[in-house]
Amino acid sequence: MRGFGTFISRPLLFLLLHFILVKCDITDGNVEHLKREHSLMKPYQGVGSSPSSQWDFWGSTLVTSSYVRLTPDERSKQGSIWNTVPVYLKDWEMHVQYKIHGSGKKNLHGDGIAIWYTKERLNPGSVFGSNAKFHGLALFIDTYHNDEAADRSFPYISAMVSNGSLPYDHGNDGRTSELGGCSSEIRNKDHDTYLAIRYSKGRLTVMIDIDDKNEWKECIDIGGVRLPTGYYFGASAATGDLSDNHDIISMKMYQLMVEHTPDEDSLDWTKIEPSVSLLKSPKDNIDDPTGNFRSTPLTGWKVFLLLLCALLGIVVCGVVGAVVFQKRQERNRRFY
């Protein structure tokens with residue numbers, strides 16, 4: 001399987017390399033961690049409208065033997081595919097293999113794909129083929145720049161958590177509700193591209209692999225996220241005046257084996273309201289054109305890096321001070 005893992009304390013060089021790039025498995029490659037009832041894989045058995053189906057689709061979605069095409073490269077299309085089985089896992093990781101491609105040149109294509117973990121399913125709307133108001137988590141792979149005033153490179157991947165009260169604002173590319181994001185050249189690649197979404201112990205991490213090398217790069221890392229169980233996974237896409245082929249090749253769901261406290265285990269996780277504990281409101285993110293703010297306490301390796309930088313700074317200052325002091329001593333000797 002393709003996976004990304006947690007950062008571990010190693011020698012400095014190893015740590016700094018992993019600060020940029022991650023190449024390790026999170027579920028030890030054990031197939032028993034794969035939850036097939038929540039996974040969409042070739043040859044896409046169990047997809048359809050029958051009572052036994054585990055995935056249902058809507059709109060322009062076309063299921064082939066090689067991919068699930070949410071929209072063709074045609075104007076004004078919407079499509080989606082949704083898991084019919086609710087997820088009751090507290091800690092999970094979803095790997096999405098996808099491809100966005102079309103005949104449109106630079107800035108003449110759209111609109112993108114959304115990956116959902118929500119209370120609602122098969123709920124069409126104006127946001128990448130689904131409703132702008134939702135309960136849960138949404139990840140947007142946005143390929144078209146709606147807000148021309150914003151200094152941001154597209155395609156752009158962003159995340160949003162909502163309890164149904166705050167809609168996604170498509171006009172400004174969701175900047176007022178964005179938790180974090182990154183720019184990524186994922187369109188018209190000669191190979192498939194990958195996205196990994198991990199939710200564990202209140203932390204949401206999104207990693208990307210756009211070079212098909214099983215090398216994950218961090219895109220989003222946010223703590224203080226609360227998501228309930230019993231929601232559904234899905235994917236949707238839309239085109240407008242501009243278009244693209246939006247293909248899902250696979251969605252693989254993995255259970256993470258994580259220990260929780262007795263208090264956490266005693267909670268009714270189906271009653272949790274989707275929320276994020278931020279040090280600043282997502283609306284403040286509109287002043288941050290990159291969207292890459294961090295709103296959570298520093299993790300251990302970040303504290304280590306900060307302490308290391310501080311120590312190096314002290315050493316450098318000490319060396320410089322010693323050199324200056326020695327030169328002054330030599331200059332003073334000349335006057336005697």
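Here the structure is a predicted model, which means the values were calculated and not measured. Residues: numbered from 1 along the sequence shown.
A ring-centre distance under 6.0 Å is not found for H33 and Y254.
Ring orientation note: the planes of W116 and F140 are nearly perpendicular, at an angle over 60° on the 30°/60° scale. The aromatic rings of W92 and F233 lie perpendicular to each other, with more than 60° between the two planes, well past the 30° mark. Taking the six-membered ring where tryptophan is involved, the planes of H260 and W269 are perpendicular, since the angle between them exceeds 60° and thus also 30°.
Looking at T84 and W55, their side chains never bring a donor and an acceptor atom within 3.5 Å of each other. A donor and an acceptor atom, one from each side chain of T176 and D169, are nowhere located under 3.5 Å apart. A donor atom on one side chain and an acceptor atom on the other are found under 3.5 Å apart for D73 and S103. Side-chain N/O atoms of H95 and Q97 include no donor and acceptor closer than 3.5 Å. For the 3.5 Å distance criterion, the side chains of T71 and H246 qualify, holding a donor opposite an acceptor. A side-chain donor-acceptor contact under 3.5 Å links D247 and H101. No side-chain donor-acceptor contact under 3.5 Å links T229 and T270.
Nearest heavy atom pair, residue S184 against residue I157, reads CB-CD1, 4.0 Å. Taking all atoms of both residues into account, the shortest heavy-atom contact from F154 to E185 is O-OE2, 3.9 Å. I222 and L179 make their closest contact through CD1-O, 3.4 Å (heavy atoms, listed as atom of the first residue, atom of the second, distance). Residue V276 comes nearest to G223 through the heavy atom pair CG1-O, 4.1 Å, listed as atom of the first residue, atom of the second, then distance. When all heavy atoms are compared, the tightest approach of S165 to S162 is N-OG, 4.1 Å. A pairwise comparison of heavy atoms in T239 and S76 identifies OG1-N, 3.1 Å as the closest pair.
Residues satisfying the side-chain hydrogen bond (donor to acceptor under 3.5 Å, both in side chains) test with K77, not counting sequence neighbours, are none. Scored by the side chain to side chain contact (heavy atoms under 4.5 Å, CB included) test, S200 finds D91, R198, L256, V258 as partners (sequence neighbours excluded).
I115 and L89 end up in the same hydrophobic cluster when Ile, Leu, Val, Met, Phe, Trp and Tyr side chains are linked at under 4.5 Å. Grouping the Ile, Leu, Val, Met, Phe, Trp and Tyr side chains by contacts below 4.5 angstrom, directly or via other members, places V63 with L70. Hydrophobic clustering, with ILVMFWY side chains joined whenever heavy atoms are under 4.5 angstrom apart, groups I210 together with I220. Under a hydrophobic clustering in which Ile, Leu, Val, Met, Phe, Trp and Tyr are joined whenever their side-chain heavy atoms come within less than 4.5 Å, directly or via other members, V85 and L122 fall into different clusters. By the rule that hydrophobic residues join a cluster once side-chain heavy atoms approach within less than 4.5 Å of another member, V47 and M251 end up as members of one cluster.
T193 has its side chain out of reach of I208: every pair of non-hydrogen atoms, C-beta onward, lies at least 4.5 Å apart.
Judged by distance alone, with hydrogens and angles left aside, the side-chain atoms of S266 form a donor-acceptor pair with the main-chain N or O of D263 at under 3.5 Å. Using a distance-only test at 3.5 Å, with no hydrogens or angles considered, a donor-acceptor pair links the side chain of Q78 to the main chain of G125. A distance-only check finds no donor-acceptor pair linking the side chain of D211 to the backbone of K213 [under 3.5 Å]. A distance-only check finds no donor-acceptor pair linking the side chain of T61 to the backbone of F57 [under 3.5 Å]. N83 contributes a side-chain N or O that, together with a main-chain N or O of E37, makes up a donor-acceptor pair within less than 3.5 Å. Not a single donor-acceptor pair under 3.5 Å links the side chain of D111 to the backbone N or O of T143. Between the side chain of T118 and the backbone N or O of G136, no donor-acceptor pair lies under 3.5 Å. Listed for the Y44 side chain is a donor-acceptor partner under 3.5 Å among the backbone atoms of I249. In this structure, Y67 contributes its side chain and S250 its backbone to no donor-acceptor pair below 3.5 Å. No donor-acceptor distance shorter than 3.5 angstrom exists from the side chain of K42 to the backbone of S65, with no hydrogens or angles considered.
Rounding to the nearest 0.5 angstrom, the gap separating the CD1 atom in I248 from the CG atom in D192 is 10.5 Å.
The pair K133-E120 fails the salt-bridge criterion, with no side-chain N (NZ, NE, NH1 or NH2) lying under 4.0 Å from an Asp/Glu carboxylate O. The residues R187 and D244 are annotated as salt-bridged, a charged nitrogen and a carboxylate oxygen being separated by less than 4.0 angstrom.
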**Request:** Apply side chain to side chain donor-acceptor pair (under 3.5 Å) to E178 and Y156, showing your working.
**Result:** CA-CA 11 Å; E178 174 191 322; Y156 190 82; 3.0 Å; yes
**Asked** Between E93 and K252, is a salt bridge (charged side-chain N to carboxylate O under 4.0 Å, His left out) present by the stated rule, with each step listed?
**Response** CA-CA 8 Å; E93 183 171 318; K252 297 180 180 180; over 6 Å; no
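Residue D265 qualifies as enclosed at atom CG: its count of foreign heavy atoms under 6.0 Å is above 12.
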